[in-house]
Amino acid sequence: MDPNSKTMNSIIHLISKKLSKNKYILAEQAFNIYIGNSQQNYATAAKMSEHDFMDLSVQVLTVLSNNLNRRIDNAATSSLWAEKVGENAVDLNLSLSTILQVIPFCKTAIWSFLEHLVQESEMSVKDILRVTLTIDYFLDHMVNEISFSFINYTETMSEQFRLSLQELSVPVIPLFEHIAILPLIGELDTERALFLIDSTLQRSQTLQLTHLIIDLSGLHNVDATVAQELFNLAETLILLGVKPLLTGIHPNIARTAISLNLNLKNYPVFLNLQSALKSLNYKKDE
């Protein structure tokens, strides 16, 4: 082994041990630097408590120390840690900038710590530069991995939320045995219409429906494409043995259907839900 490399490894190992031993002191220094930098910003803008800031700072210093010490499998452990930090930030409704602000203040505390350490040792300028570059590399890598985790988890949660909203917006509600209602409310775009078809067909089979009342009274304007999809749904239900009943058709939806040459005579159409239920021999208890 190159003597210079061996010496450098010894220096890195020494710094790793020093960082690990003094991580709580360094975390406190990082926090003090932070609030000393801008008391006003800390009071009005920061969303991390002193405990959370200190806790994350200790984690950063621990992971950095382990990376410097090149412990076995630490790269995988470091990645898992960064992934957890990013996901926790999303769950706690913290911004990415709020989480990442910890790292530059830890870095400032580390540089101050190294300054005193250098004065006590016989490190050369070249050694100091290599140590600095090594620490910078690992801290930058932390920022990248936390950012990736945060963004990826945010996108995943957003997609799950969107799908949940879609499911809630297409409720097939059982009325009594083999009969249900599909109330459509609000705006209906092409994406929601396609989701509506899939979920309604699946739900109809699960409930073993013979009749499905499609209530359009709460639906706003629909374009030609969406209108076509709605009537495709009705046709598909018939093929599955489910009789669709349409209620609450607004004049503008009726005009769109006529302009598309959609034959409404193929489906029972009723003025309102009460009329549709009456046709099914359902009577309200008196």
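Along the sequence shown, residues are numbered consecutively beginning with 1.
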For [X] and [Y], work out which heavy atoms get closest and say how close.
X	Y	value
A193	E229	CB-CB, 4.1 Å
I249	A254	CG2-N, 3.9 Å
E145	S79	OE2-OG, 2.8 Å
G86	F150	O-CD1, 3.7 Å
L207	P174	CD1-CG, 3.9 Å
K107	L139	CE-CD1, 3.7 Å

According to a hydrophobic-cluster definition based on side-chain heavy atoms being under 4.5 Å apart (Ile, Leu, Val, Met, Phe, Trp, Tyr only), do [X] and [Y] belong together?
X	Y	answer
I258	V269	no
W111	F31	yes
M142	Y137	yes
I25	L19	no
L201	I214	yes

Would you say [X] and [Y] make side-chain contact, with heavy atoms under 4.5 Å?
X	Y	result
N67	S78	yes
L100	S97	no
L182	L184	yes
P251	R255	yes
K18	F113	yes
L230	I197	no
L26	S57	no
I15	L114	yes

Can Q29 and N22 be said to form a side chain to side chain contact (heavy atoms under 4.5 Å, CB included), step by step?
CA-CA 11 Å; Q29 290 177 354; N22 295 278; over 6 Å; no
Mind checking who shares a hydrophobic cluster with L133, ILVMFWY linked at side-chain heavy-atom distances under 4.5 Å?
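Members other than L133 - counting any ILVMFWY side chain reachable under 4.5 Å - are L129.
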Mind jotting down which residue pairs meet the ring-ring contact (aromatic ring centres under 6.0 Å, His included) criterion with at least one end in residues 77-97? Sequence neighbours excluded, please.
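The answer is none; no pair qualifies.
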Using side chain to side chain contact (heavy atoms under 4.5 Å, CB included), reason through I185 and L219 one step at a time and then give a plain yes or no.
CA-CA 5 Å; I185 301 172; L219 195 63; over 6 Å; no
Could you list the donor-acceptor pairs under 3.5 angstrom formed between side-chain atoms of residues 235-247 and any protein atom two or more places apart in sequence or on another chain?
residue: E235; atom: OE2; partner: Y267; partner atom: OH; Å: 2.6
residue: T236; atom: OG1; partner: N232; partner atom: O; Å: 2.8
residue: T247; atom: OG1; partner: D215; partner atom: OD1; Å: 3.0

Quick check: does any side chain N or O of [X] sit under 3.5 Å from a backbone N or O of [Y], one acting as donor and the other as acceptor?
X	Y	result
S279	A276	yes
T108	P104	yes
S16	I12	no

No-hydrogen, no-angle side-chain donor-acceptor test under 3.5 Å, N144 and S147
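There is no such pair between these side chains.
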Give a yes-or-no answer on whether the side chains of N272 and S275 include a donor-acceptor pair shorter than 3.5 Å.
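Checked: N272/S275 side chains pair up, N/O donor to acceptor below 3.5 Å.
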With side chain to side chain donor-acceptor pair (under 3.5 Å) as the test, would you mind laying out the steps for S149 and N152 before giving the verdict?
CA-CA 5 Å; S149 171; N152 186 57; over 6 Å; no
Going by side chain to side chain donor-acceptor pair (under 3.5 Å), name the residues that satisfy it together with H13, two or more places apart in sequence or in a different chain.
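For H13 the side chain to side chain donor-acceptor pair (under 3.5 Å) partners, ignoring immediate neighbours, are N69.
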Test side chain to side chain contact (heavy atoms under 4.5 Å, CB included) on S65 and K23 and set out the steps.
CA-CA 9 Å; S65 174; K23 58 188 176 184; over 6 Å; no
Can you tell me how far [atom2] of [Y] sits from [atom1] of [X], rounded to the nearest 0.5 angstrom?
X	Y	atom1	atom2	answer
E115	I128	CD	CD1	9.5 Å
L277	I179	CG	CD1	8.0 Å
I151	T156	CD1	OG1	11.5 Å
L68	I11	CG	CD1	12.5 Å
T190	F195	OG1	CZ	15.0 Å
L64	S20	CG	OG	10.5 Å

With side-chain hydrogen bond (donor to acceptor under 3.5 Å, both in side chains) as the rule and sequence neighbours excluded, what pairs involving residues 201-210 come up?
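Residue pairs passing side-chain hydrogen bond (donor to acceptor under 3.5 Å, both in side chains), neighbours aside: none found.
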Check against side chain to side chain contact (heavy atoms under 4.5 Å, CB included), L212 and I181:
CA-CA 5 Å; L212 178 64; I181 181 172; 5.6 Å; no
Tell me every residue that passes ring pair (Phe, Tyr, Trp, His ring centres under 6.0 Å) with F270, counting only those two or more places apart in sequence or in another chain.
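If we apply the ring pair (Phe, Tyr, Trp, His ring centres under 6.0 Å) test to F270, skipping adjacent residues, there are no hits.
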Sub-6.0 Å ring centroid separation between F53 and Y34:
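Between F53 and Y34, the centre distance is under 6.0 Å.
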